[in-house]
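To start, the structure under review is shown below, and the notes come after it.
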2 protein chains.
Amino acid sequence: MVTQMDVARRAGVGRRTVSNVVTGFPYVSKDVRERVLRAIEELGYVPNRAAQQLRTGRSGVIALTVPEVGVGYFGELGNLVVEEAAARGLGTVVAQTRGSREREITEIERLLALQPDGVIMSPLGLTAEDLAGVSARTEVALIGEHFVGSPIRTIAIDNAAAAGDIVTHLVQSGREHIAFLGMSAASPNFNQLRRRGYLEALERHGIAPVAAVEARDFTSADGYDAGAVLAARLAEGAQLDAVFCVTDEVAIGAMRALHDAGLRVPDDVAVAGFDDIVEGRYANPRLTTVSPDKREIARQAVAAVLGEPADDAQIAYRLELRESTTGIVQPA
Amino acid sequence: MVTQMDVARRAGVGRRTVSNVVTGFPYVSKDVRERVLRAIEELGYVPNRAAQQLRTGRSGVIALTVPEVGVGYFGELGNLVVEEAAARGLGTVVAQTRGSREREITEIERLLALQPDGVIMSPLGLTAEDLAGVSARTEVALIGEHFVGSPIRTIAIDNAAAAGDIVTHLVQSGREHIAFLGMSAASPNFNQLRRRGYLEALERHGIAPVAAVEARDFTSADGYDAGAVLAARLAEGAQLDAVFCVTDEVAIGAMRALHDAGLRVPDDVAVAGFDDIVEGRYANPRLTTVSPDKREIARQAVAAVLGEPADDAQIAYRLELRESTTGIVQPA
DNA sequence: CTGAAAGCGCTAACAT
DNA sequence: ATGTTAGCGCTTTCAG
């Protein structure tokens, strides 16, 4: 193994200087820095993480749990977190929890065993108590939804407000029979917030909600099934001209079901989603959705978990009004 | 932070003794061991990984790259590797490569930055040269397919032989027009091996291959599309009574397409897959497949990457003859 | 069976 | 701007 000392000898400098170069300490003459860099290159020196960690007390690794890795909203967010961490010279270890409390707990334990500097979570099944237990052991930041009453730092948009905005958009485009397509009351918090935003917005506009259609979960398949139910009700004469889906994936499934039932989106039924996943941008028709500033969420989550002072409490979002509600095709 | 010294003081023993207890050194009196354990418990002592690593030179972490995590064959295998490693007290960091060489390289770099004790890979796009580069930097074991001409330790079944066995099963159940459904020649090695096994078996039985149908990739969607092509050919009068699919996922998609086209499996067309993923066991009809001993693959891969002496070179497999080729329903 | 002590490779306080 | 040095927490040789 090549050590700092070897590099120092090769470059004809002190060990301290090598450390300075490696850690980016400013006061090193250009000439010396280059000599050191060359020696590092020639020797193939790689700093020993264990030694760094022992010395600094930081492992340079953060942990991340998401329900699904590499797919949909959390997949995109996860990649951004990994990128953001990498940009700060941090490694990221990721675990996929599938949203069940049990798996969330076992995966967290696995991650904690690696003694990361902090963990970013998108818990779906964990209780406030579980979270308190974890945050007693390491730095924690939550993304995606606020845990009511939890003191843990949380990075999220205002889900209810965003849901309200998109419902308002539907109303203003002349829709009058707007259904919510999501999970039931006993669902993750974000689902409830989005549903509440939907209900409150309708109330503000003096419009009665259409009987809700329940999705089992948040996959496209669930959206498809629920969309099929919706189509059947329409065929039976129910009034319906718009659907607000709890996530883009559900919306994409629902659009497919409506299409299969011979309905046109948005001519017969407008469809809106939430999260702005890439699949929605390339769906046919392109999906109207709420677009949270994911990069900013990732940035703040990493900052939060490193104990950096809080930025803004709330993350920005904007409406992406696309073909599935407007009928207007725009380039992706 | 609670250190070994704290525990030693609390238990009224030397530091060495604490270390002995923690590392499972045998010669510690039962009495002392219990005192130490109690002190550890009371103080909430957790050994510092960085210090351990610095001392022993081992990080206690292995890395794993798979094309997809948590889904299908590699998902199941990945979970088994994680389990196997955990049983040995090792952590596992996993990266998903999606099978492209580019992603494989970036993900490997990310993992290597964590300085794991070794890496287990299922490379799909890497060249032998890439692999040599990685194995120069750390212990490497390959799973899933043999890289021809690579000296790197590989854990795999005999893909060609297994493919031959399953084709022989099809022939012996009276099928005469057997198609291969997989990728083209310019495909990952395992695809080529399975295809070759198929061709050689047919030749042995004196049966001409049916014009191959090409799948774009190894997803169920690809299988569905290819299956639809097959169904169309059949409708046009082509001779076909069996399909051997390169993977279970492709087979499941193909079965769905055949079903949608009004064909019965296995009455009209028998379908066989490869890998024995759980979805196949619950598919309708249940899928005949080659079942590699995944647990053993995981075990040997972990052993190999830790530099333990080689076990058996070749992993066992067996044929799972199920409804999709036999017509006989058996409990899953 | 247990204690003393060396030292893994690195960073940072201190000195120059 | 660069050199000297202590010590992070642990495992392990060497003595007892």
Side-chain angles (χ1 to χ4, degrees), chain A residues 1-40 43-61 88-91 113-117 137-138, chain B residues 1-40 43-61 89-91 112-117 137-138:
Chain A
M1 159 171 273
V2 184
T3 77
Q4 241 176 23
M5 199 56 215
D6 299 328
V7 176
R9 268 196 291 265
R10 172 78 159 229
V13 300
R15 230 175 70 195
R16 164 66 199 264
T17 307
V18 178
S19 179
N20 282 345
V21 170
V22 171
T23 57
F25 190 71
Y27 305 112
V28 182
S29 77
K30 202 169 152 61
D31 176 46
V32 170
R33 153 167 277 114
E34 270 173 19
R35 272 222 313 284
V36 171
L37 255 18
R38 182 137 27 84
I40 287 177
L43 263 29
Y45 166 75
V46 179
N48 181 314
R49 286 190 83 97
Q52 281 182 319
Q53 177 176 353
L54 185 56
R55 189 61 244 244
T56 63
R58 278 166 292 110
S59 62
V61 171
R88 289 162 169 265
L90 298 170
L114 268 26
Q115 302 183 204
D117 294 339
R137 298 206 274 157
T138 186
Chain B
M1 159 172 271
V2 183
T3 79
Q4 243 176 22
M5 199 56 213
D6 300 327
V7 176
R9 267 196 291 266
R10 171 80 159 224
V13 301
R15 234 176 66 193
R16 164 66 196 266
T17 307
V18 178
S19 179
N20 281 346
V21 170
V22 171
T23 56
F25 189 69
Y27 307 112
V28 182
S29 76
K30 202 169 150 62
D31 176 48
V32 169
R33 155 167 274 115
E34 271 172 19
R35 273 221 313 284
V36 170
L37 255 19
R38 183 139 25 88
I40 287 177
L43 264 29
Y45 167 73
V46 179
N48 181 315
R49 286 190 85 98
Q52 283 181 318
Q53 177 177 355
L54 183 55
R55 191 59 242 247
T56 63
R58 279 165 292 111
S59 62
V61 171
L90 298 170
L112 253 28
L114 268 26
Q115 302 182 351
D117 294 337
R137 297 205 275 158
T138 186

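Naming: A, B, ... by sequence-line order, numbering from 1 per chain.
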[X]: partners by side-chain hydrogen bond (donor to acceptor under 3.5 Å, both in side chains), with sequence neighbours left out:
X	value
N48(A)	none
T3(A)	none
S59(A)	D117(A)
R16(A)	N20(A)

Atom-pair distance ([atom1] on [X]; [atom2] on [N]), nearest Å:
X	N	atom1	atom2	answer
L54(A)	dT11(C)	CG	C1'	10 Å
N20(B)	dC1(C)	CG	P	11 Å
R49(A)	dC10(C)	CZ	C1'	13 Å
Q53(A)	dC8(C)	CD	P	19 Å
R15(A)	dT2(D)	CZ	P	17 Å
R55(A)	dT11(C)	CZ	C1'	5 Å
Y45(B)	dG9(D)	OH	C1'	7 Å

TODO: Between T23(A) and K30(B), name the one whose nearest nucleotide on DNA chain C is closer to the 5' end.
DONE: K30(B)
Identify, with sequence neighbours excluded, every residue that meets salt bridge (charged side-chain N to carboxylate O under 4.0 Å, His left out) alongside [X].
X	value
R137(B)	E109(B)
R10(A)	E42(A)
R9(B)	D6(B)
R38(B)	none

TODO: Please check if the side chain of T56(B) supplies one atom and the backbone of Q52(B) the other of a donor-acceptor pair under 3.5 Å.
DONE: yes
Quick one: is [X] getting a side-chain N or O under 4.0 Å of the [N] phosphate, OP1 or OP2?
X	N	answer
Q52(A)	dT11(C)	yes
T17(B)	dC1(C)	no
S29(A)	dT2(D)	yes

TODO: Look at all strands and tell whether V32(A) reaches a base, only sugar-phosphate, or nothing, counting heavy atoms closer than 4.0 Å.
DONE: sugar-phosphate
TODO: Give S19(B) one of three labels, base, sugar-phosphate or nothing, depending on what nucleic acid heavy atoms sit under 4.0 Å from its own.
DONE: base
Task: Least distance between heavy atoms, A50(B) atom then L54(A) atom - done: CB-N, 3.7 Å
Please list each protein N or O that sits under 3.5 Å from an N or O in nucleotides 14-16 of chain C, with the distance.
residue	atom	partner	partner atom	Å
dC14(C)	N4	R16(A)	NH1	3.3

- [ ] For atom CZ of R33(A), decide whether the heavy atoms of other residues, nucleotides or ligands shown that lie under 6.0 angstrom number more than 12.
- [x] yes
Open item on the list: So for the helix from dC1(C)-dG16(D) to dT16(C)-dA1(D), with five pairs setting each end axis, what is the inter-axis angle to 10°?
Closed with: 30°
Open item on the list: For DNA chain C, which residues of residues 4-13 of chain A approach it to below 4.0 angstrom with any heavy atom?
Closed with: Q4(A)
Task: Pairs involving residues 20-31 of chain A, ordered by first then second residue, that meet salt bridge (charged side-chain N to carboxylate O under 4.0 Å, His left out) (sequence neighbours left out) - done: K30(A)-E34(A), D31(A)-R35(A)
Open item on the list: Can you work out whether A51(B) or G14(A) has the more 5'-proximal nearest nucleotide on DNA chain D?
Closed with: G14(A)
